[in-house]
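Throughout, numbering of the chain's residues begins at 1 and tracks the sequence. Just so it is clear, the structure is predicted and the values come from calculations on it, not from any experiment.
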Amino acid sequence: MSEDRKTLRAQLRQARRALDAPTRLAAAETLAGQLLQLPFAPARGLVAGYWAGDGEIALHRWQTQLPPGVTYCLPLLAGDSLRFAPWHPGQALTHNRYGIPEPDIALADALPAQAMALVVTPLVGFDRHCQRLGMGGGWYDRSFAFRLQHAAPPWLVGAAFDCQQVAALAAADWDVRLDAVCTPSTTHLATRTP
């Protein structure tokens, strides 16, 4: 990882952590509307979100407003990639090796990434071409590497505060570009070539 990406990650993580509670709550409410209005938002099937931490924008308002035919899932670490499990508030959670809550189920019962209709991913930074800068572990890129060769679904959507947008991000060969990025103020839809 280049020093520039490391520095950029640190700056963007600090910017999102610096947002006050009222701003965060209002942003989560507005973000829910942006996600629900996506042109490819499913009316039924499985969608995945994430458990917000480290200043990430929360998805709780989106989860509670999903159509009745949609099942919300959370990711679980499975080897070097992610699997997914349905989750409702109040259901048991356990903490993975990074301290992130995930559904308390056997990995054998978890669903593969290909089963999702739409996945909302956390991110540290993004650009207008829907390139994503994650935490650097490669979890989402490895889990959705099949999207480098195949069209959606699952649709991949980043969720972020507006302050996480940067002018441009250089993509590596293994980077899986998002189909969209939603912020409280706008939705960026990816074009075929940046």
Side-chain angles (χ1 to χ4, degrees), residues 1-3 5-29 31-32 35 46-64 66 71-113 115-116 118-126 132-145 154 156-164 166 169 172 174-176 178 181-184:
M1 176 176 68
S2 76
E3 199 58 37
R5 282 176 85 94
K6 204 173 184 179
T7 301
L8 182 59
R9 277 192 181 98
Q11 291 169 344
L12 293 171
R13 289 173 71 193
Q14 180 55 39
R16 72 183 185 194
R17 283 189 211 120
L19 298 170
D20 62 30
T23 300
R24 291 176 174 287
L25 290 171
E29 183 74 37
L31 177 72
L35 291 168
L46 301 166
V47 301
Y50 58 85
W51 191 276
D54 189 38
E56 294 166 335
I57 193 165
L59 299 179
H60 62 280
R61 295 299 297 150
W62 174 61
Q63 180 189 6
T64 62
L66 287 168
T71 300
Y72 185 80
C73 300
L74 283 174
L76 295 90
L77 301 185
D80 68 347
S81 63
L82 301 173
R83 291 185 63 85
F84 297 86
W87 184 79
H88 302 285
Q91 286 183 315
L93 291 165
T94 187
H95 289 82
N96 65 30
R97 66 179 175 245
Y98 298 109
I100 301 168
E102 56 184 35
D104 191 12
I105 68 162
L107 278 180
D109 297 329
L111 303 163
M116 300 296 110
L118 181 143
V119 178
V120 178
T121 72
L123 52 80
V124 177
F126 70 96
R132 173 184 179 272
L133 177 66
M135 289 292 292
W139 289 96
Y140 282 88
D141 289 321
R142 282 192 303 276
S143 302
F144 295 97
L156 303 177
V157 180
F161 295 103
D162 292 289
C163 66
Q164 293 174 253
V166 298
L169 290 169
W174 60 84
D175 285 338
V176 179
L178 301 169
V181 176
C182 291
T183 71

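- Heavy atoms only, all atoms of each residue included: Leu35 and Val157 are closest at CD2-CG1, 3.8 Å.
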* Just do the side chain to side chain contact (heavy atoms under 4.5 Å, CB included) check on Ile105 and Thr94 with the steps written out, would you? => CA-CA 9 Å; Ile105 68 162; Thr94 187; over 6 Å; no
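- Residues Leu133 and Arg9 have side chains in contact (heavy-atom distance under 4.5 Å, counting atoms from C-beta outward).
- Considering every non-hydrogen atom in both Trp139 and Asp80, the closest pair reads CZ3-C, 3.4 Å.
- Atom CZ of Arg61 sits about 11.0 Å away from atom CG of Leu66, to the nearest 0.5 Å.
- Considering every non-hydrogen atom in both Phe84 and Cys73, the closest pair reads CB-CB, 4.2 Å.
- Of the inter-residue distances, the one linking Asp162 atom CG with Thr183 atom OG1 reads 3.5 Å to the nearest 0.5 angstrom.
- Summarising the geometry, atom CG belonging to Leu12 is positioned 9.5 Å from atom CZ belonging to Phe126; distances are rounded to the nearest 0.5 Å.
- Within the 4.5 Å cutoff, no side-chain heavy atoms of Ile100 are placed close to those of His95.
- Counting only heavy atoms from C-beta outward, the side chains of Glu29 and Pro184 never approach each other to under 4.5 Å.
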* Please report the C-alpha distance between Arg83 and Leu111 in whole Å, then the side-chain angles of each, then the deciding distance to 0.1 Å, and finally whether the side chain to side chain contact (heavy atoms under 4.5 Å, CB included) criterion is met. => CA-CA 5 Å; Arg83 291 185 63 85; Leu111 303 163; 5.5 Å; no
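- When atom types are taken as modelled, the side chain of Arg24 and the backbone of Gly55 share a donor-acceptor pair closer than 3.5 angstrom.
- In plain terms, the two heavy atoms of Trp51 and Glu56 that are nearest each other are O-OE1, 3.7 Å.
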* Please walk me through it: do Phe161 and Thr23 pass side chain to side chain contact (heavy atoms under 4.5 Å, CB included)? -> CA-CA 10 Å; Phe161 295 103; Thr23 300; 5.6 Å; no
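- Between Thr64 atom OG1 and His88 atom NE2 the span is 13.0 Å, to the nearest 0.5 Å.
- Put simply, the side chain of Leu93 does not reach to within 4.5 Å of the side chain of Asp104, judged on heavy atoms.
- Residues Glu102 and Trp87 fail the side-chain proximity criterion, which asks for heavy atoms closer than 4.5 Å.
- Taking all atoms of both residues into account, the shortest heavy-atom contact from Val124 to Arg16 is CA-NH1, 3.8 Å.
- For Leu169 against Leu8, the heavy-atom pair with the smallest separation is CD2-CD2, 3.9 Å.
- We find that Asp54 and Arg17 are joined by a salt bridge, their nearest charged nitrogen and carboxylate oxygen being less than 4.0 Å apart.
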* Just do the side chain to side chain contact (heavy atoms under 4.5 Å, CB included) check on Thr121 and Arg132 with the steps written out, would you? => CA-CA 9 Å; Thr121 72; Arg132 173 184 179 272; 3.4 Å; yes
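- Taken to the nearest 0.5 Å, the CG atom of Leu59 stands 8.0 Å off from the CD1 atom of Ile57.
- Of the possible polar contacts, one joining the Asp141 side chain to the Val176 backbone as a donor-acceptor pair under 3.5 Å is found.
- Using a 4.5 Å heavy-atom cutoff, the side chains of Leu31 and Trp62 are not in contact.
- Interatomic distance, SG of Cys163 versus CD of Gln11, reported as 12.0 Å (0.5 Å rounding).
- Between Tyr72 and Pro86 there is no side-chain heavy-atom pair separated by less than 4.5 Å.
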